[in-house]
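What follows is a single structure, written as structure tokens, with notes after it.
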Amino acid sequence: MPPKCFFTAKAPRFRVLHTLDLHTLQPAALGAQHRVSFARSNLHRPVPTPQAPHLLPAGHPTHRMNFSAKSLVNFILTLLLSQSVVAQDVAPVYDLVIYGDSSSAVTAAIAAKRQGRSVILVNPTHFVGGMSAIGLGASDFLGKRGTFGGIASEFYNAIAAAYGAKSIRSFEPHAGRQVFEKMIADAGVTVVFNEQLNRTPGQGVKMSGKRITGITTLSGKTYRGRMFIDATYVGDLMAAAGVTYTVGRETQKQYGEDMAGVRRGDTQPRVHYTQRDKDHFVKNVDPYVELGNPSSGLLPYVFQIDGLTNGQGDRKIQAYNYRVCLTTNAALRIPIEKPSGYRAIDHELLLRNFEAGDERLPALIEPLAGTGSKVDWNNMHAIGSDLPGANWDYPEASYQRRREIEHEHQNYIRGFLWTLAHSPRVPEKIRQQVASYGLSKDEFTDNGGWPWMIYIREARRMVSDYVMTQHNCEGKRSASDPVALGSFGMDSHVVQHYVTEKGFVVSDGVIWRVPPKPYGIAYRSIVPRRGECENLLVSVCLSASHVAHGSIRMEPVFMALGHSAAIAAGVAIDANVSVQDVAYSVLQERLVAEKQIIH
């Protein structure tokens, strides 16, 4: 029989020090693991030793006051029930909350977990790895494998091992996804999927002063943390936290970049582009719905812009597409069907370009490792799988509008591939080659072989106290606090097709120039400017001009930046400082220990 407890005072206030399991709690459970502490100090006194009830005189006051330990538990639980919902709704506080859909989000989460941090990866999609897991198999590091180390290098080593090779540059989508999934599992990282940030002002991001305390998703779930990383391709968390950012192309004057802003394709010589006529129109193509009739209007995705001059700035961004994985393997090939929303006029510019005499295959086809039957199909030449002008509002668009833009791109690219394979106006050699390809049924099996994610080449870009520019890429300016290296060409796909003064279509915005050597990417470019958010790092939409971002935006670099961002978050936690006040000497030492390559 449990002992009796006697109280001669009114029931006190109390607070719970440990969460109680309301389903399994028994009287004996009120031990060291689940204690109740009374708030009144004058009640912290010994409870009188109980006497056996049969030894007390009949009618003794304590007969009326006593109750069993079981009754005490029931009494406490009754009071706790009103607070249990509140207790359950209070989210844990993580050392690091990563909001991201990219490969950078994965490397950041793994790095933090290996450092012993409590971390959660809040993923707005249903898969991990971003573009490196859904079609961007041709990794753009131009053979400069030695420009990144750390977890990014581990990823590519694991890809190579999966194919039984020493080194692999181009791999199948499922291989990238499986490697990421294993790395996440091995590290023990917690990932929550399909959790999109609530972007309603004041609802998705909670701030205390200049620090984020928690983020809330559309499902109503809140994730609290000491540090946060925005590792999305669009910078939604950064924007919601009030961090300064930009969209589009700077003027040439702003940073003194001779590749900045508008870059007309009819410029001669094209100092902003060093690959001759690749990705440009080489024939005169009529832009009007009715040939030679301006009053009939322009073909879709062609723009009339008066006074278009090199170096002008705007809010336009380079074109997106889907990096589709195609195969010639008959056992895997899903034929490209004419899409339900097909419009012949959307592809009239493509066909007129052929008829004008440009018979180049409008695709960059990269063979993928494996059986040799699969390729990564990308845009190339005058009219390809890019859809310039259709994505300009994507960075800041609502989720619904983004889905509409994605559908427009998918419908266009499916129609583009079908036209190449079936239209008699396409050169026969190209028609036969394209007809031999189809989507691969063993990739994206729940989506008919179509990639889950559009290729977001550029979206928001943070503007911090240090902006990476063309001068960094060209070695004319060096960051004193590098956390990763860039090496790819300063590259922008077409921004828009426009009508020249002569009445023909020309591309604007296509730039390319290769840096003379790898260059450092500043730590200050992945943290907000001083005076803005103090516990946020941005590993994808970092502070860079349009020109510099065109070089930095490679998947291996994003992985390296995610890794470094997580280590920097840990340094800030350990020193109890803002991300802007992280001591670079300490960060540098830890990055080197992590085998990051920063020089």
Side-chain angles (χ1 to χ4, degrees), residues 138 140-144 248-285 301-303 305 308-314 316-321 349 353 356-358 360-364 366 378-389 391 455 457-458 468-476 486-502 504-517 519 544-554:
D140 291 326
F141 46 78
L142 295 181
K144 296 181 180 178
R249 302 182 286 183
E250 294 87 358
T251 65
Q252 177 173 337
K253 182 179 179 180
Q254 184 167 349
Y255 297 120
E257 301 169 304
D258 68 5
M259 299 172 70
V262 168
R263 290 296 148 184
R264 294 177 57 133
D266 58 354
T267 303
Q268 294 298 335
R270 297 191 193 105
V271 296
H272 56 273
Y273 189 81
T274 60
Q275 297 187 98
R276 299 185 178 181
D277 290 329
K278 176 179 173 287
D279 298 333
H280 286 86
F281 283 88
V282 295
K283 302 294 180 180
N284 292 332
V285 180
Y301 310 111
V302 177
F303 302 91
I305 308 171
L308 192 66
T309 305
N310 284 340
Q312 292 174 333
D314 54 34
K316 300 172 183 177
I317 57 177
Q318 62 176 305
Y320 296 172
N321 69 350
L349 192 64
N353 189 53
D358 184 356
R360 298 174 297 179
L361 174 67
L364 178 60
E366 179 76 21
N378 194 14
N379 179 87
M380 192 163 71
H381 297 319
I383 305 292
S385 59
D386 284 353
L387 190 57
N391 65 330
Y455 186 14
R457 291 190 173 96
E458 178 182 20
M468 297 292 296
T469 69
Q470 175 183 333
H471 306 299
N472 291 93
C473 300
E474 294 182 335
K476 299 174 182 177
S487 63
F488 194 72
M490 290 165 278
D491 174 38
S492 172
H493 283 232
V494 59
V495 173
Q496 60 190 349
H497 295 315
Y498 70 98
V499 182
T500 68
E501 293 79 2
K502 296 180 179 179
F504 300 114
V505 183
V506 170
S507 297
D508 160 46
V510 183
I511 62 174
W512 174 264
R513 190 184 295 168
V514 178
K517 62 181 180 179
Y519 58 90
S545 70
H546 166 74
V547 175
H549 184 271
S551 170
I552 294 169
R553 64 180 180 85
M554 301 300 118

- Item | Contact summary for G265 and H280, nearest pair of heavy atoms | CA-CD2, 3.7 Å

- Query: Does the side chain of N321 reach to within under 4.5 Å of the side chain of N378, using non-hydrogen atoms?
  - Reply: yes

- Run the side-chain contact (heavy atoms from CB on, under 4.5 Å) check on V499 and V302 step by step: do they pass? CA-CA 7 Å; V499 182; V302 177; 3.7 Å; yes

- Query: Say you draw a straight line from NZ of K316 to CD1 of I305; how long is it, rounded to the nearest 0.5 Å?
  - Reply: 3.5 Å

- Task: Check whether any side-chain heavy atom of V285 lies under 4.5 Å from a side-chain heavy atom of H497, and answer yes or no.
- Result: no

- Query: Hey, are the side chains of Y273 and K278 touching, using non-hydrogen atoms and a 4.5 Å cut-off?
  - Reply: yes

- Taking side chain as C-beta onward, heavy atoms only, is W512 less than 4.5 Å from D279? no

- Taking all atoms of both residues into account, what is the closest heavy-atom pair of S487 and P515, and its distance? O-CD, 3.7 Å

- So do H549 and I317 actually touch side chain to side chain, heavy atoms under 4.5 Å? no

- Non-hydrogen atoms of G509 and S492 that approach each other most closely: O-OG, 3.2 Å

- Distance-only, no hydrogens or angles: does the D386 side chain make a donor-acceptor pair with backbone N or O of N379 under 3.5 Å? no

- Message: Contact between I552 and Y519 at the side-chain level, heavy atoms closer than 4.5 Å - yes or no?
- Response: yes

- Task: Would you check if Y301 and L349 make a side-chain contact, meaning some heavy-atom pair closer than 4.5 Å?
- Result: no

- Is the shortest distance from a Lys or Arg side-chain nitrogen in D491 or R553 to a carboxylate oxygen in the other one below 4.0 Å? yes

- Contact summary for P362 and I383, nearest pair of heavy atoms: CB-O, 3.1 Å

- Message: To the closest 0.5 Å, what do you measure between OH (Y455) and CG (N391)?
- Response: 13.0 Å

- Do the side chain of Q252 and the main chain of G261 share a donor and acceptor less than 3.5 angstrom apart? no

- Rounding to 0.5 Å, atoms OG1 (T469) and NE2 (H471) come to a distance of 4.5 Å

- If you round to the nearest 0.5 Å, how far is CG of N353 from CG of N284? 10.5 Å

- Message: Using the rule given for side-chain contact (heavy atoms from CB on, under 4.5 Å), can you reason through V506 versus Y498, listing the C-alpha separation, both sets of side-chain angles and the distance that settles it, and then say yes or no?
- Response: CA-CA 6 Å; V506 170; Y498 70 98; 3.6 Å; yes

- For D258 and Q470, does a side-chain donor sit closer than 3.5 Å to a side-chain acceptor? yes

- Which is it for D508 and R249 under the side-chain contact (heavy atoms from CB on, under 4.5 Å) test, yes or no, and what are the steps along the way? CA-CA 12 Å; D508 160 46; R249 302 182 286 183; 2.9 Å; yes

- Message: So which atom in M490 and which in C473 form the shortest heavy-atom distance, rounded to 0.1 Å?
- Response: SD-CB, 3.6 Å

- Query: Are E501 and R264 close enough for a salt bridge, meaning some N to O gap below 4.0 Å?
  - Reply: yes

- Atom CD of Q312 and atom CZ of R263: how far apart are they, to the nearest 0.5 Å? 10.0 Å

- Query: Are side-chain heavy atoms of E474 and R513 found at a separation under 4.5 Å?
  - Reply: yes

- Message: To the nearest 0.5 Å, what is the distance between CD on Q496 and CZ on F303?
- Response: 7.0 Å

- Message: Which heavy atom of S545 sits nearest to which heavy atom of E257, and what is that distance?
- Response: OG-OE2, 2.6 Å

- Carboxylate-amine/guanidinium contact D277 R270, below 4.0 Å: yes

